[in-house]
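Each ligand, and each atom within it, is numbered from 1 in the order the structure gives. Everything numeric here is computed off the predicted structure, so don't read it as measured data.
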Amino acid sequence: MELVQSGTTLPAIDPAWVARVQSHPTVLRQIAAAVGGPFHVMCPDHFTHNLQSFIGAMAAAGVDGKIYFGKKANKARCWPQACAHADSGVDVASAPELVDALANGIRGGDLVVTGPAKSTELLWLAARHNALIAIDSLDELERLIALPRAGGRVRILLRVLPPANPTSRFGLTDEELRRALHRCVELRERIDMDGFSFHLTGYDVSPRAWQAGDLVDRCVQARQMGLAATSICIGGGFAVNYVTADDWGSFLANYDDSWFHTRKTFRGFYPYHQDPAGAAMLSAILSSPVAPGPGDIAAKLTETRTRLLLEPGRALLDGCGFTVFPVLGYKARPDYGFITVNGLSLSLSEQWFDSEFLPDPALWPPLAASDPVSPVRACVGGSSCLETDMLTWRLVALPREPRHGDLLIYPNTAGYQMDSNESEFHQLPVPKKVAVSIDDGDIRWYLL
Ligand SMILES: *Cc1c(COP(=O)(O)O)cnc(C)c1O
């Protein structure tokens, strides 16, 4: 019987540092012994590499601007630290996120504060620290202005309700924008109106390009009203390629419920392959034609001297981390096996959204050349008492039976999978975080 049907494997695209760490004979074993439970491994240098490719895409298009890391995608302190070293900023949406960014070297002026109906504490801290505040409603603008001792001037963007997503609960309608602009003019002794922002769900280039062009037009009009309107912010939502186009295409083409424990069905899956992705997607936005032409978005920005701000979260974390769950046990059943790991499905966020994180987990230590290959198919359960606590419902192919003491590695988890929805269910501690750097061929690791 062929255990692995075609289309059921989704090997992750791993950057070089991951292969270095996972092929090292002892490093993962040492970390596992030190932390005594599940853990996340991250590589700040790879984050810097991703950040530089976004900065490079802007420079190549001749566009001036700034990148703000969308902090909600991962809580580790190494990312804002890397942003600080690169003179980039951070996008925060809560007072604790703001404080954490400051504590890790981000200056207040390099913060953008997003999110709906912000708390008074968040608005006040943002104003005190001279952060850029994306205003999401008229009453929020009034609450900001009314804050006692908020500092001298406040810096704001006006968040626009995008026509591409007219039912969104975020952003201001045209009528609200008209009134907000009027208030900005009245209050120009107090407010620096720096421009407009949007954030779109989905990963399409064209609605972003269209909306960017529209925001530049809005800036030009706002300048005629005497406002600064120097910048547009196009949010995040830059795609990530977890697997190759071929693997993803064949997975979708052959998809079958029988690939999953209990034939479980899902509401849908994240698109694990997309084109263009990451900084290439930014380049595609910038080289999109403007309507009416001639020229592209990059030219429109430079001709109007408009700065481009962006807030990538997931894309900056692409390839920046993986998650390791120690194997507690394995049960062989006639059709397929059950792996139980030390950890919870609540650490892999997709399960919260009636979905599944699909890139293949890998068994460590890997099969040695001399080991016999005896493949199994197995699903992966967490160490709780819930039938539904499954990290992976899919029956994934492994080259041998897992054993207690092995490690099960989930690839490319830094963007949203690690800590956005984790839980201390059963009083189990959440996974520890470890950062690695590779210096002169040596792998160094430290607890975060
Ligand atoms: C979540 C969010 C981001 C980051 O989105 P990614 O898809 O991770 O790039 C950026 N801006 C805003 C306003 C957000 O809510």
Side-chain angles (χ1 to χ4, degrees), residues 47 50-51 53-55 57-58 65-76 79-80 83 88-94 97-98 101 106 110-118 122 126 131-137 140 156-162 164-165 168-172 194-205 207-208 211-212 215 231-242 269-272 274 276-282 284-285 308-321 349-350 352-353 355 357 412-421:
F47 180 94
N50 291 345
L51 196 51
S53 47
F54 273 88
I55 293 169
M58 278 208 278
K66 192 167 190 101
I67 294 163
Y68 298 85
F69 165 56
K71 193 175 190 315
K72 71 172 182 285
N74 193 299
K75 298 186 182 107
W79 320 124
C83 292
S88 290
V90 172
D91 160 21
V92 299
S94 71
E97 281 187 351
L98 184 151
I106 303 297
D110 292 335
L111 288 171
V112 62
V113 182
T114 59
K118 295 163 207 49
L122 176 58
L132 185 57
I133 303 168
I135 292 292
D136 194 57
S137 65
E140 184 178 74
I156 66 163
L157 298 170
L158 296 175
R159 183 161 171 175
V160 174
L161 173 69
N165 188 8
S168 172
R169 70 188 179 99
F170 299 98
L172 300 152
D194 278 0
F196 298 90
S197 71
F198 69 86
H199 171 70
L200 287 176
T201 50
Y203 295 93
D204 292 336
V205 168
R208 288 184 169 77
Q211 191 79 64
L215 260 53
S231 310
I232 66 164
C233 180
I234 65 170
F238 293 87
V240 167
N241 281 326
Y242 292 82
F269 295 111
Y270 183 86
Y272 289 94
Q274 294 178 90
M281 180 172 158
L282 174 59
I285 294 170
L308 179 70
L309 316 181
L310 31 144
E311 302 161 345
R314 189 189 290 261
L316 288 179
L317 294 165
D318 180 23
C320 290
S349 301
E350 291 304 322
W352 288 72
F353 302 107
S355 185
F357 186 70
N412 208 356
T413 47
Y416 293 105
Q417 300 310 313
M418 286 184 178
D419 59 15
S420 58
N421 300 299

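Listed for the Arg208 side chain is no donor-acceptor partner under 3.5 Å among the backbone atoms of Ile234. Without hydrogens or angle criteria, Asp136 side chain to Gly171 main chain gives a donor-acceptor distance under 3.5 Å. The closest donor-acceptor contact from the side chain of Asp318 to the backbone of Val240 lies at 3.5 Å or more, if one exists at all.
Shortest contact from atom 2 (C) of ligand 1 to any protein heavy atom: Lys72 NZ, 2.3 Å. Annotation: atom 4 (C) of ligand 1 to nearest protein heavy atom, Glu311 O, 3.4 Å.
With hydrogens and angles left out, the side-chain atoms of Thr114 and Asp91 include a donor and acceptor closer than 3.5 Å.
Stacking of Arg314 on the aromatic ring of Tyr270 is recorded, both the 6.0 Å distance cut-off and the 45° axial limit being met.
For the pair Tyr416 and ligand 1, the shortest N or O to N or O distance falls below 3.5 Å.
Close approach to Gly313 involves these atoms of ligand 1, each under 4.0 Å from a residue heavy atom: 4 (C), 6 (P), 8 (O), 9 (O). Listed by number with element, the atoms of ligand 1 under 4.0 Å from a non-hydrogen atom of Gly237 are 5 (O), 6 (P), 7 (O), 9 (O).
Using a non-hydrogen distance threshold of 4.0 Å, Ala73 does not register as a contact of ligand 1. The shell of residues lying under 4.0 angstrom from ligand 1, judged by heavy atoms, excludes Phe170.
Neither the backbone nor the side chain of Lys71 comes within 4.0 Å of ligand 1, counting heavy atoms alone. By the criterion of a heavy-atom distance under 4.0 Å, the side chain of His199, and not its backbone, is placed next to ligand 1.
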Starting from the C-alpha separation in whole Å, work towards a yes-or-no answer on salt bridge (Lys or Arg N to Asp or Glu O under 4.0 Å) for Glu97 and Lys72. CA-CA 8 Å; Glu97 281 187 351; Lys72 71 172 182 285; over 6 Å; no
